[in-house]
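All chains are named by letter (A, B, ...) in the order of the sequence lines, taking the proteins before the strands, and each is independently numbered beginning at 1. Keep in mind the model is a prediction, meaning the values are calculated, not measured.
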Amino acid sequence: MKKYLTVALVGLMLLAMSSVGMAVTLEFQQWWEVELPAGVLRGIADEFTAQTGIEIQLLSNPYADTNTQIAAGAATGTMADVVGLDGAWVYDYAKQEAISNLSALMEKRGYNDAQLSDQIKVDGATYMIPVVNFAYPMLVNVDLLKEAGVTEMPKTWSEFKAAAQAVVNNTNAYGWVIPLSTSSPSGIQNQFMSWLWASGGFMLRDGRPDLVDNEKLTKTVEFVKSLFDENLIAPGAYSMTEATMVEEFVNGRVAFMTTSLAHINLIRQGAPNLNFQAIPLPVMDGYEGQSGVVVANWGIGIAANSKYQDEAMQFIEYMMSPEVNARLAEAANAFPGNIYAEPDYSAADPVFVDSYEIFKDSYAINEFTGLPTSEHLMRIFNDHLQLYIEGDIKSVDSMLDMIQEEWVRAF
Amino acid sequence: MKNVTAQSERGKNPRLRAIFKHSTPYLYLAPTLILMIVLLAVPIFMVIKYSFYDNVIINKNPVLVGLENYKTILSDVRFHKAVKNTLYFVGVSVVGHLIIGMSFSLLLNNRVFGPKTKGIFRVIYALPWMFTGAVIAILWQMMLNPNGVINYLLSVTGISSTKIAWLSDRSYALGAVTFMNIWAGYPFFMVSILAGLQGISEDLYEAASIDGANVFQQFFHVTIPQLKPILISLLTLDFVWTIFQFDLIWITTGGGPVYATETLSTYIYKQGFSRFQYSLASATAGLVLLACTIIAIFYARQQKEGV
Amino acid sequence: MNRRVKWYTKPLLFIALVLGALFSGFPILWMFLNSFKPNSEIFAWPPTWISANASWAPYQSVFQDPEKVRFFLNSYLVSTIVVVVTLVISILAAYAFSRFNFRGKTFINTLIIAIQAVPPITLLIPYMALVVAMKMYNTYAALVLTYLLFTLPYAILMMTGYMNTLPRDLDEAVMIDGGSRFRALWGVLVPTAIPGIVAVGMFTFMRAWNEYLFALTLTRTNDMRTVPVGISLLMGQHAYQWNQMLAMSVIGSLPVLLLFLFFQKYFIAGMTAGSVKA
């Protein structure tokens, strides 16, 4: 018996050694290559190959279908070795055992994870590492505000509403815009909950839904409803996506927009003469504490079916190393995921630099990251919010009750 | 049939000949059947099987739960809403396709204009055919935007000056989505009917006009009966396809606002890929399959009578 | 023809034709105009008809990208193979359905429709597992076979419909004269059914050309992917390349348009009437 074991072990070792000799090719499935300036990701991958001999094959996918792709890949064992992830999906893929436990891999490789700005955990173990983060401050069309006679940037909700009202009264534009399309319900996270989080509120307590009798959340819902009721919001919200929302801003039809910094370049291209700046999200009247800023991230994980777990982790470490991570952040108009990365934003847009300052004064938050069926939770919230705004649901309390009931079922 | 006892069919042994004769239709069908069985039998079986288990795919060891998933689906108010919307969407789309497809093909089949003129219009009418679903969805999303060209045309012509949010208003959304689908799908009917019209013998019309039938009578007594086999095929296919029209609805409204445009296809997608409840998605699919099988039987009966 | 045409028929008919053309053609015209605009102008109010900043840039960016050109080549290759195979197989099957009565006919017919009633999205995962098991993942063969499953049921149904409109005397005459079944089908029925075959062929082409879900999931590398996937790659996380998407679909539709123009002659009224009279 022992003999066989030894033979088997030696065999395994030989196999392992032979695979070291052979060139390993890692597949890296992501939607980033098309988002980044041409050649950036390829360049980083090639440098990695030059250093380690491990080849990287980039597989690009349309962002909207990444989820479908990963789900199908996970079920059929064809997932790429390294996958780009959104925090909204991590929980489900971890539970399906489609993605690997990175804590274990990091420990095995002796990686110091203290340098990571964040790790997305499920049941205490890391499954996704945010590579770069996209903050969502508020962008303001300065000329529209001038035209409306607003001289000071709003800091509180009531000031914001007054400014929005002035814009609607004195210009052809609307105050604010929110994309609530059911097909991509991320507007709930990025444009709705951002109000709550900026005012120090939370939608979870101890990782569980805490929507009922949540005073700040109740006020947030009422605030957003009042913006709708008073016609301060650009029409078409219920079928709007982030991609169409930004076109409203580019065309000067809204004064304020809560949006990802990734949009800055696009706005510059589309409207070179648009005079806009970034401000912190206005907070609930009377709130004095620190603000939470929504971050969405490009996360990275390893497929459970990958034969090259170790090499895959090596590649992630490379992407997360301060210098590479900084370069990636610069190229993506994002903030780095490594705390020691020092991106050089001197060439960056002034609006971006301002936002970085705002970001440094706040804390990053996104309570939807790592929740079970996150997207589904947002969708439920979205549907009920619309029903309340439209008057089908009579009170905030019953709206939040109904959402809570459905959310709890998903947990 | 009796005349056809083929001199051509080889084999002197009468028994062999009989076998050969009986197997002829199956030989013609063989490539189709082999392909379908090899590629579809297993996946369809899997889908039906999933529908009787709890949480498949996610769960490595799913448990047999019998009809539990079907009960869940049938008692879900959103499913009821999806069925209602789907019936509207499919019903109006199919009728719209038929009416527009038929009208356009008759217009194009006229004898008043020369082949050049008709050729130009034929190409224009077939245009919506040439674009993929995602692009059609994007295009209409642009046009139906509150600041889109449709509202612009309405305001310029003085029909309506308010900027209607076609896809965001619960009272318009389903209608708007259905309209898009009619626009995108009628060329299939038009071209198929146009091809069918070529096969109708001119004698039939002449005989009818000698009998004093006017244009409408000719249409109902000659054209429609002659096209019947094609029309039945078209309607059946369109019905089945429209149920699963996905891209168009998903990209423009995602089933919203609230559930205004939620159809079976968006409902199934959300179950499967947003909630990861493949079992529920499969059970919904099972119900649709059942409903469509009944329609298929009806179709097959019709075809049988036709022979 | 000896039917008299009243004086008002022509103008009325022309008005109807133009109205119909507006309905079908206007959205396409709008797509065409927008494909030359800079992205920001696509959502401008009031809308611009012909942009002052119109440029070929969206088209250039498609043609200059070898990856995008490859999408087109893949689409043509896959769609063409699918059309040829679909036509051959469906003509055979339709002949069986149209000219024979046999045991199981109703059942097979029912089956062919019913299998289409399984929503593709639910089939996705088990079907993909099968393709992976057959070692066809990320190949043209996988796409071709998959599209055959989409196109065959339709093609068979429509071909059966067309063949049923053709009188039986037509092919029976051949066999009475001593011709074989093969000759009756390919020598007489098929040539007579050309308008139907062209219609089926064109539609098959469009279905294969426009399919997205399986084109995306059954392939993994961009060198195997088709135009609809390429278009979707322009729908980014934060922003869409509206003009490039439109330019890509305009380019994609051109060859189909040419094909349609070429096959026009098969739709000319009465072309087959002579042979059908029998």
- Structural part of C:Leu124 lying under 4.5 Å from a heavy atom of chain A: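 Interface part for C:Leu124: side chain.
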- Using non-hydrogen atoms only, which part of C:Met128 is less than 4.5 Å away from chain A: side chain, backbone, both, or neither?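 When you check distances to chain A, atoms from both the backbone and side chain of C:Met128 fall under 4.5 Å.
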- Message: If I measure from the heavy atoms of chain C, does A:Glu35 come under 4.5 Å with its side chain, its backbone, both, or neither?
- Response: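 Interface part for A:Glu35: side chain.
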- Message: Please classify the contact between A:Gln57 and chain C as side chain, backbone, both or neither, with a heavy-atom cut-off of under 4.5 Å.
- Response: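 The side chain, not the backbone.
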- Query: Hey, what do you get for CD (C:Gln237) to CH2 (A:Trp298), rounding to the nearest 0.5 Å?
  - Reply: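 Output value for this atom pair is 6.5 Å.
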- Query: With side chains defined as the heavy atoms from C-beta onward, is the minimum distance between A:Glu33 and C:Asn222 less than 4.5 Å?
  - Reply: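 They are not in contact (no side-chain heavy atoms under 4.5 Å apart), so the answer is no.
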- Might you confirm whether atom CG of A:Asn172 has over 12 heavy atoms from other residues, nucleotides or ligands at distances under 6.0 Å?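 Result for CG/A:Asn172: open.
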- Message: Just checking C:Tyr76: does its OH atom have more than 12 heavy atoms from other residues, nucleotides or ligands closer to it than 6.0 angstrom?
- Response: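 Check passes, neighbour count above 12.
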[range]: residues contacting chain A (heavy atom under 4.5 Å, by number):
range                       : result
residues 207-221 of chain C : C:Tyr212, C:Leu216, C:Thr217, C:Thr219, C:Arg220, C:Thr221
residues 41-67 of chain C   : C:Phe43, C:Ala44, C:Trp45
residues 239-252 of chain C : C:Ala239, C:Tyr240, C:Trp242

- Heavy-atom pair count under 4.5 Å with chain C, highest-scoring of A:Thr66, A:Val250, A:Leu59, A:Thr244: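 When all of A:Thr66, A:Val250, A:Leu59, A:Thr244 are compared, A:Leu59 has the most.
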- Task: Start with the C-alpha distance between C:Met235 and A:Val34, add both sets of side-chain angles, then the distance that settles side-chain contact (heavy atoms from CB on, under 4.5 Å), and finish with yes or no.
- Result: CA-CA 9 Å; C:Met235 302 159 94; A:Val34 284; over 6 Å; no
- Query: Could you name the residues of residues 266-274 of chain A that have a heavy atom within less than 4.5 Å of a heavy atom in chain C?
  - Reply: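 When heavy atoms of chain C are the reference, residues 266-274 of chain A contributes A:Leu266, A:Gly270 within the under-4.5 Å range.
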- Closest approach of C:Ile125 to A:Ala75 (non-hydrogen atoms, all atoms of both residues):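 Smallest heavy-atom distance, with atoms named: CG2-CB, 3.6 Å.
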